[in-house]
> 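The structure that follows is given in the form of structure tokens.
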Amino acid sequence: MMKRLLAALAAAATIFTAGAATAQTFPDRPITMVVPFRAGGPTDTVGRLLSQAMSRNLGVQVQVQIVDGAGGTLGAQRVAEAAPDGYTILLYHVGMATTPTLYPNLGYDPLTDFAEIGLVTNVPMTLVGRQRLPVSTWEQLIAYMTNNIDRITMAHAGIGSASHLCAMLFSQLTGLDIVTVPFVGTAEAMLDLQADFVDFMCDQTTSTVAPIQSGSVIAYAVTSPVRLQQIPDVPTPAEVGLPGFQLDVWHGLWAPAGTPPEVVARLNEALRFALTDQQVLRTFALFATNPSPIEDQTPEALRAKVASEIELWRPLIEAAGEFVR
Amino acid sequence: MTRNRQDIAVGVIFVAIGLLFGFDVWRTELDVGTPLRMGPGFFPVILASVLVVLGAAIAIRGAIARIPPEAFRAIPWRGLLFIAPLPVFFGLTIEGLGLVLPIFVVAFAASFASREVRLVSAFATAAGVTAFCVVVFHTLAGLPLPLFGPWFDFLRS
Amino acid sequence: MTELLGNLADGFAVAGTLTNILYAFLGVLLGTVIGVLPGVGPMATIAILMPMTLGSDPTTSLIMLAGVYYGAQYGGSTSAILINVPGEVSSAVTAIEGYQMARRGRAGTALAAAAIGSFVAGTIATIAVALLSPPLAAMARNFASPEYFALMVLGLVMAIALANGAPLKALAMIVLGLLIGMVGQETQTGRMRFTMGFNELADGSALFLPLVIGFFGLAEIYRNLEGTGTREALLKRVSNIWPSRADLRRMVAPILRGTGLGSMFGILPGNGPVLASFASYSIEKRITKHPEEFGHGAIEGVAGPEAANNAGAQTSFVPMLTLGIPPSPVMALMMGAMILNGIIPGPRVIEENPGLFWGLIASMWIGNIMLVILNLPLIGLWVRLLTIPYRVLVPAIVAFSCVGVYAVSSNPFHVFALTLFGLVGYLLVRLRCEPAPLLLGFVLAGPLESNLIRSLRVSRGDPMVFLERPISAGLLAVALVALIVVLLPFVAKKREKVFQEEEG
């Protein structure tokens with residue numbers, strides 16, 4: 001630990017001698033990784049793991065900087081406007097593709113204002129219910145929801161959050177218009193779920209695996225195509241007859257548009273290194289978080305992902321009619 | 001009967017602030033909704049109204065109070081003039097100039113809030129404060145900001 | 001009981017290793033220092049330290065991060081007492097009486113009262129955590145949105161008692177605080193409110209630091225510059241640094257009450273420690289034998305809230321460790337640190353990682369001893385800080401405030417807000433409105449509104465939801481009683497006055 005502290009100090013000291021950045025010498029000073037969400041959340045966790053491993057590969061400190069607010073768009077905006085030298089990068093998730101629809105006045109374009117570095121992870125989601133619900137199977141669940149549609153509620157972590165998107169998708173697929181209850185972050189929502197006040201929530205495995213394993217919430221389905229080894233009893237969408245109920249929260253890494261290609265390639269190399277790091281993978285595995293497949297750890301794959309997901313979410317969000325003015 | 005000018009002033013300020021918030025609810029067309037399904041404007045409208053009522057009550061009480069107001073205290077014009085603008089200056093320049101200069105300027109200028117300031121001591125204080133801040137925020141806390149920001153880039157090439 | 005002792009013994013075995021003691025010390029030292037400096041809060045420090053702890057033993061790194069947290073709680077009260085700049089909300093309560101004590105030359109006594117209060121509370125809370133973790137955690141699980149709403153209503157009612165002036169003005173300040181708390185992005189629809197078109201103001205809760213520094217720190221500087229433009233050094237009037245025997249006797253009961261309040265409120269998510277210190281102050285003020293001293297440096301108003309704050313800080317680990325539910329942003333960060341180290345917080349931590357659980361608890365007590373050892377000798381040094389001439393202190397405070405605010409959010413708009421809040425704060429303080437109730441209103445605004453909205457959404461608009469649930473109904477009843485108690489003396493005094501005037 002002391003060594004790391006000293007390394008951080010040494011890295012900080014290199015700023016004194018920093019000159020103009022060139023691709024040959026990149027990186028020669030600390031890199032800032034902007035995380036656009038609250039500290040301690042799922043994205044922050046991914047960011048801190050990633051930054052440590054990338055630091056080792058790059059030989060300079062990669063520092064996480066929290067710039068949260070407005071569904072992550074403030075942090076993205078900051079990186080879009082940063083100098084395109086590779087020293088300011090962004091870790092963001094599926095929100096990169098949903099905010100263009102959610103925020104009609106967005107100050108940047110996800111496709112033209114960034115240089116993609118690569119996909120990082122994908123995290124499946126789980127549909128969970130409060131412990132004392134009298135239903136345990138999918139059939140009972142749908143019947144219960146249908147019969148109690150004027151009483152049940154579904155919690156989510158805020159407008160545009162992954163849990164909100166998942167709730168919208170579920171409502172659209174099942175045709176059940178469930179009243180949603182907005183919280184600030186999934187931790188808050190989990191409190192009311194565990195206190196038996198709200199009925200359902202769809203959340204990333206990062207925060208649901210532990211309560212599912214301990215039995216304090218009931219899980220009805222995962223949103224991944226195969227069952228998860230951490231929670232092997234929970235069925236997949238295809239198994240419960242709702243094959244469209246598939247989504248994952250993917251994270252990607254971006255630099256500002258105009259960053260030299262050699263610099264992007266160097267950052268991509270560091271990303272790939274981090275995604276093979278044993279400690280990173282072990283911690284990911286605890287929460288059923290998967291590193292993106294090797295072929296997706298590329299700028300092209302991330303670009304394609306953003307482009308296709310913008311079109312995927314646009315009709316859903318527009319149908320739900322929830323925008324941010 | 002003496003009026004309590006202080007309380008009248010407080011009341012008027014609260015009424016004004018309440019009206020200002022109320023006006024902004026109307027200006028930005030925040031949906032008030034109903035008690036059963038509250039919109040984003042609901043709570044603010046209630047709060048703004050309560051503030052207006054409370055402000056009016058304070059002002060009226062001040063107008064009929066029998067407690068004499070306190071002696072007038074001098075307004076610290078010099079302090080306000082030299083300190084109040086500094087955060088704005090700092091916010092505008094921190095990302096362009098980097099850490100060192102904005103801290104130095106703020107500390108230097110703030111020294112002049114006090115009448116007994118001397119140029120040399122103000123300079124020394126500012127230098128000391130700057131050095132301390134750089135060590136704490138830059139070296140130890142690792143604030144991701146350069147000591148001299150991008151506005152100095154022309155010197156580097 | 002024997003099992004508990006065995007567990008604690010195991011815990012002390014873990015926490016007592018040289019490495020762990022060293023890191024606990026490093027943590028509390030770092031925490032004290034950052035707590036004293038306005039701006040760098042425990043949030044920022046823990047966030048920065050977190051990645052550095054990766055790869056080391058998880059117990060060791062958690063012990064150190066926890067040390068930073070309660071060390072910062074401690075340091076925050078130091079700057080609140082000395083220069084009226086509370087490091088965080090809960091220290092705002094300490095500033096009320098603590099700063100008044102300092103102005104009367106009793107800074108040393110105030111600091112000692114805070115230190116002793118914190119230590120006693122920390123010791124008792126450590127035992128409480130060890131003994132009561134499971135039942136406490138079970139209790140917290142009965143709290144949902146309606147209960148939080150009721151709890152916050154209770155907190156706001158108590159805040160009226162905080163003011164030493166007219167209750168009407170205090171009420172208005174609370175409402176103003178609630179209104180300022182509405183600034184930013186609304187959670188239900190995501191609409192921006194009162195941001196004047198600036199997306200940079202979306203996260204309204206980040207205005208907290210500029211608000212505190214503006215209303216307390218800058219306003220106080222302007223106030224001091226009212227006179228000759230200089231401030232006489234406070235030390236000239238320092239009488240004695242250590243509390244007298246009478247002081248100590250007056251501290252005992254407030255500390256014990258504060259510890260009780262803090263231990264209970266701490267486990268409740270949503271600003272538990274903050275509510276606890278506000279509650280402690282209200283109660284002490286209500287039952288004191290020296291009501292004339294409140295507002296002018298009453299030692300009970302320092303010892304009680306500090307004890308409550310520290311006890312709350314410790315018991316807030318309970319829901320995080322036992323339920324995997326973080327009751328505050330700092331705890332969310334601690335949870336993140338555990339996750340980074342490969343430990344899933346939740347009911348199984350006690351069984352699967354007993355060394356970590358009990359070691360952490362034992363280290364809290366060790367950390368508290370260190371804090372006392374570290375801080376009591378420092379009091380003399382802190383007090384001497386007050387002899388620094390104002391022409392040096394002012395530039396330092398102003399510069400720290402600017403850098404600190406920027407360091408936390410990297411958002412220039414929050415630095416701009418310092419100017420506004422400094423001016424408004426000075427104006428209101430000059431007109432005898434006290435800033436502490438405003439601060440509580442600001443902190444509770446968001447949760448109050450969103451818990452109300454959520455409760456009514458779940459009940460489909462039926463307000464009975466607050467009365468049908470026993471805990472929320474009980475809390476609201478207490479709030480009603482408290483409101484009557486707070487207003488009664490006010491009404492009675494009014495009457496008395498009227499009578500006197502009629503007779504005269």
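Since this is a predicted model, take the numbers as computed values, not measurements. Sequence lines set the chain letters: A, B, ... in the order given, protein chains first and strands last, and positions in each chain run from 1.
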> Please walk me through it: do B/L99 and C/V403 pass side chain to side chain contact (heavy atoms under 4.5 Å, CB included)?
CA-CA 8 Å; B/L99 267 178; C/V403 193; 4.2 Å; yes
> Listing request: all side chain to side chain donor-acceptor pair (under 3.5 Å) pairs with a residue in residues 90-110 of chain B, at least two apart in sequence or in separate chains.
B/E95-C/Y406
> Give the minimum heavy-atom separation between C/P395 and B/A110, together with the two atoms involved.
CA-CB, 3.7 Å
> Looking at every heavy atom in both B/L51 and C/A172, which two are closest together, and how far apart are they?
CD1-O, 3.4 Å
> Pick whichever of C/L418, C/V398, C/L179 has the most heavy-atom pairs under 4.5 Å with chain B.
C/L179
> If you count heavy-atom pairs under 4.5 Å with chain C, which of B/L47, B/T28, B/V129 comes out on top?
B/L47
> Heavy-atom distance under 4.5 Å to chain C: side chain of B/I17, backbone, both or neither?
side chain
> Of the non-hydrogen atoms in B/A57 and C/L168, which two are nearest, and what is the gap between them?
CB-CD2, 4.0 Å
> So for B/V25, is it side chain, backbone, both, or neither that comes closer than 4.5 Å to the heavy atoms of chain C?
both
> So which of C/L225, C/T419, C/I397, C/L423 actually passes side chain to side chain contact (heavy atoms under 4.5 Å, CB included) with B/I83?
C/L225
> Go through the structure and list residues passing side-chain contact (heavy atoms from CB on, under 4.5 Å) with B/V12, not counting sequence neighbours.
B/I8
> Please report the C-alpha distance between B/F14 and C/M173 in whole Å, then the side-chain angles of each, then the deciding distance to 0.1 Å, and finally whether the side chain to side chain contact (heavy atoms under 4.5 Å, CB included) criterion is met.
CA-CA 9 Å; B/F14 282 139; C/M173 287 296 269; 3.6 Å; yes
> Could you tell me which portion of C/C402 (side chain, backbone, both or neither) has an atom closer than 4.5 angstrom to a non-hydrogen atom of chain B?
both
> Do B/S111 and C/R391 touch side chain to side chain, with heavy atoms closer than 4.5 Å?
no
> Any idea which heavy atoms bring B/A74 and C/R430 closest together, and the distance?
O-NH1, 3.4 Å
> Would you please classify the geometry between the B/F21 ring and the C/F194 ring as parallel, tilted or perpendicular, with 30° and 60° separating the classes?
perpendicular
> Within the 4.5 Å heavy-atom criterion, are B/L54 and C/K169 side-chain neighbours or not?
no
> Which pairs pass salt bridge (Lys or Arg N to Asp or Glu O under 4.0 Å) with one or both residues in residues 98-107 of chain B, sequence neighbours excluded?
none
> At a heavy-atom distance under 4.5 Å, which candidate from B/P44, B/A48, B/C133 has the highest pair count against chain C?
B/P44
> Flag the one option from B/L30, B/I103, B/V106 with the top tally of heavy-atom pairs under 4.5 Å to chain C.
B/L30
> What part of C/Y426 gets within 4.5 angstrom of chain B, counting heavy atoms only: side chain, backbone, both, or neither?
side chain
> Go through the steps for B/D24 and C/R193 under the test salt bridge (Lys or Arg N to Asp or Glu O under 4.0 Å), then give the verdict.
CA-CA 8 Å; B/D24 206 57; C/R193 293 193 295 202; over 6 Å; no
> Is it true that, when you exclude B/W26 itself, more than 12 heavy atoms of the residues, nucleotides or ligands shown sit nearer than 6.0 Å to its CH2?
no
> So, for C/F416 and B/F90, is the gap between ring centers shorter than 6.0 Å?
no
> Considering only heavy atoms from C-beta outward, does the side chain of C/L427 approach that of B/I13 to under 4.5 Å?
yes
> Start with the C-alpha distance between B/S114 and C/V394, add both sets of side-chain angles, then the distance that settles side chain to side chain contact (heavy atoms under 4.5 Å, CB included), and finish with yes or no.
CA-CA 8 Å; B/S114 170; C/V394 168; over 6 Å; no
> For B/L92, is it the side chain, the backbone, both, or neither that has a heavy atom closer than 4.5 Å to a heavy atom of chain C?
both
> Would B/F43 and C/I453 count as a side chain to side chain contact (heavy atoms under 4.5 Å, CB included) here? Give the steps.
CA-CA 10 Å; B/F43 209 48; C/I453 290 178; over 6 Å; no
> Considering only heavy atoms, which portion of C/L420 lies under 4.5 Å from any heavy atom of chain B: side chain, backbone, both, or neither?
neither
> When you compare the side chain of C/M182 with that of B/P40, does any pair of heavy atoms fall below 4.5 Å?
no
> How would you list, in number order, the residues of residues 120-128 of chain B that have a heavy atom less than 4.5 Å from chain C?
B/S121, B/T125
> Sort C/I174 into side chain, backbone, both or neither according to what part of it lies under 4.5 angstrom from a heavy atom of chain B.
neither
> Mind listing the closest non-hydrogen atom pair of B/R27 and C/M196 along with its distance?
NH2-CA, 4.2 Å
> Show the nearest heavy-atom pair for residues C/Y222 and B/G79, with the distance to one decimal.
CE2-O, 3.9 Å
